[in-house]
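Structure, as structure tokens:
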2 protein chains.
Amino acid sequence: MQIATWNVNSIRMRLGHIQQWLEKNPVDVLCLQETKVMDEQFPQDAFPGYTCAIAGQKSYNGVAILSKIKPTAISVGFAPILGAEVIGDLDVQKRLIHIQIQSIEIINVYVPNGQSIGSEKYEYKLCWLRALYQYLSHFTSLKLPVCVCGDWNIAPTDLDIYNPENKQDHIMASPPERQAFEDFLSLNFQDSLRRFSQESEQFTWWDYRAGSFRRNHGWRIDHILISSWLHSRAKNCWIDREPRGWEQPSDHTPVILELDIENIAILLN
Amino acid sequence: MQIATWNVNSIRMRLGHIQQWLEKNPVDVLCLQETKVMDEQFPQDAFPGYTCAIAGQKSYNGVAILSKIKPTAISVGFAPILGAEVIGDLDVQKRLIHIQIQSIEIINVYVPNGQSIGSEKYEYKLCWLRALYQYLSHFTSLKLPVCVCGDWNIAPTDLDIYNPENKQDHIMASPPERQAFEDFLSLNFQDSLRRFSQESEQFTWWDYRAGSFRRNHGWRIDHILISSWLHSRAKNCWIDREPRGWEQPSDHTPVILELDIENIAILLN
DNA sequence: GCTCGTCTCG
DNA sequence: CGAGACGAGC
């Protein structure tokens, strides 16, 4: 069973790329971020064989999960777990969607970017990450098998940046952000790529500006985290750089996790 | 010798179409309107074999003439003939360019649209047309061979509109605009298409809106006018509808005039 | 750089 | 409907 994550930076602009990629990479689950469309305009019919769970908004953000198996449950935002009173406005921006398939909880996140250290958006990012911690604690305390995919906008270590010196004041690399990422791992989540490789330059995002991709000035900020039940069942995890080189690409490229679990989709279909 | 006119509605967006069209229609002179780029950004190198005479501005308007023969003279706007004091601000918008090749004066115009009868822009259009009358009088009084190509934003008669009834209050069909067009003919210019055909539905422009092209709700507003020396040398004039049917087309399509004059370009090259 | 919304123009 | 400008966000 394969689960992938990809920040597509507009599903409308990237529809062709997504279809092309799925053709060659028929993953069972594809988590998308930055769809940037309202639910009414999401191209649900453009992915034959997949069911779409969507949570969109106009212009910014928006997440979706395509899955071959029809989910047994879908929920959007923190509220269903943490309660609407507790999370305040944190669900206004559509950044989290959750589905359950095959008794696995799949959570797709688009963590706020944070703009710059100390900005109002930075505080929002840290606040949102604290809510995510509470949210994920709920699942881990129940010992459920959880897979958290997404654009985390955090490079966990200096191995994950093209030029790590003097980046501690840079958004996505500041100590508070990295601490927040560490906190998730302390819930017994594993960063699945690092289960299989300790190499540097395993980037998932290259800024559109300044020829970053050509010069390989990238960051690893898209991650798939897995809870303990899935650790031993993780077979491989890798980054597919190819789509970043296509014409008019997203600035992110997909990460794929392969699990040693039979795909019941095939059995069911 | 062939001379064509085409309002391309952005040379940047239409570059491929223009190149494709020139491949099949290697006219000697191509007059373009609504290039919508400043001179620095005009893709001069994109037309091998052609010299570019350009007069552009940001966002709106902009005219250019591509010619196989290098012009012996180029001028922009009314001022070189009428004097800067006389024409006031009429040259701020880039709507007129003139070249001389083979002792023929080629004038390329993008007549203001006029928006709606009685509006300020309508007055500007009529004012601009009066200036054009003075401008052309200069050439005709000298008995020079003149070819005036362009988007005139005037349908000369009811033959030139898809549904002529009740269009006398419509921009491009109002009596004052038609009178202005008549005035040019009284300078002994001929509307070269009408030299060869009196048929209706010889349209050159179809609004992007309301499926106008599909329903053939068009207008003939792009014209090539020729002064008396050229009348007998005009061999044919026609409209090429094809580019209007291409993907992401301009809303206008080219008009081509064939003159029975040897193309010295071939002799010179 | 690239995509979005909103605006103006035709 | 389809151009371009402009400003936001990342």
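Proteins get letters first, then strands, A, B, ... in listed order; numbering begins at 1 in each. Values reported hereafter were calculated over all heavy atoms of this structure, with side chains retained and with hydrogens, waters and symmetry mates removed.
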Rounded distance in Å - CH2 (B/Trp206) to P (D/dG2): 16 Å
Whole-Å distance separating the NE2 atom of B/His217 from the P atom of D/dC1: 16 Å
B/Asn163, CG: over 12 other non-hydrogen atoms inside 6.0 angstrom: yes
Partners meeting salt bridge (charged side-chain N to carboxylate O under 4.0 Å, His left out) with A/Lys94 (sequence neighbours left out): none
Leading and trailing nucleotides of DNA chain C with any atom under 4.0 Å from heavy atoms of chain B: C/dC9 to C/dG10
For DNA chain D, stems built from three or more consecutive Watson-Crick or G-U wobble pairs below 3.5 Å: C:4-10 with D:1-7
Residues that B/Arg244 engages under salt bridge (charged side-chain N to carboxylate O under 4.0 Å, His left out), provided they are two or more places apart: none
DNA chain C: 5'-proximal contact among A/Arg209 and B/Glu34 (nearest heavy atom): A/Arg209
Given DNA chain C, 5'-ward residue of the pair B/Asn113 and A/Gln41, judged by closest heavy atom: A/Gln41
Nearest-angstrom distance from the residue atom CG of A/Asn61 to P of D/dC10: 7 Å
Any residue meeting side-chain hydrogen bond (donor to acceptor under 3.5 Å, both in side chains) with B/Asp169, in chain and number order, not counting sequence neighbours: none
Listed partners of B/Ser10 passing side chain to side chain contact (heavy atoms under 4.5 Å, CB included), at least two apart: B/Arg12, B/Met13, B/Lys36
For A/Tyr122, ring pair (Phe, Tyr, Trp, His ring centres under 6.0 Å) partners two or more places apart: none
Counterpart residues, salt bridge (charged side-chain N to carboxylate O under 4.0 Å, His left out), relative to B/Arg130 (two or more places apart): none
Partner set under side chain to side chain contact (heavy atoms under 4.5 Å, CB included) for A/Pro43, not counting sequence neighbours: A/Ile11, A/Leu15, A/Ala46, A/Phe47
Under the salt bridge (charged side-chain N to carboxylate O under 4.0 Å, His left out) test, residues paired with B/Asp158 that sit two or more places apart: B/Arg178
Centroid-centroid under 6.0 Å between A/Tyr135 and A/His98 rings: no
Nearest-angstrom distance from the residue atom CD of A/Gln93 to P of D/dG9: 11 Å
side-chain hydrogen bond (donor to acceptor under 3.5 Å, both in side chains) partners of A/Trp246, counting only residues at least two apart: A/Glu242
Are there any protein N/O atoms within less than 3.5 Å of an N/O atom in nucleotides 3-6 of chain D, and if so, which ones and at what distance?
from  : atom 1 : to      : atom 2 : distance (Å)
D/dA3 : OP1    : B/Arg14 : NH1    : 2.7
D/dA3 : OP1    : B/Arg14 : NH2    : 3.1
D/dA3 : O5'    : B/Arg14 : NH2    : 3.1
D/dG4 : OP1    : B/Ser10 : OG     : 2.8

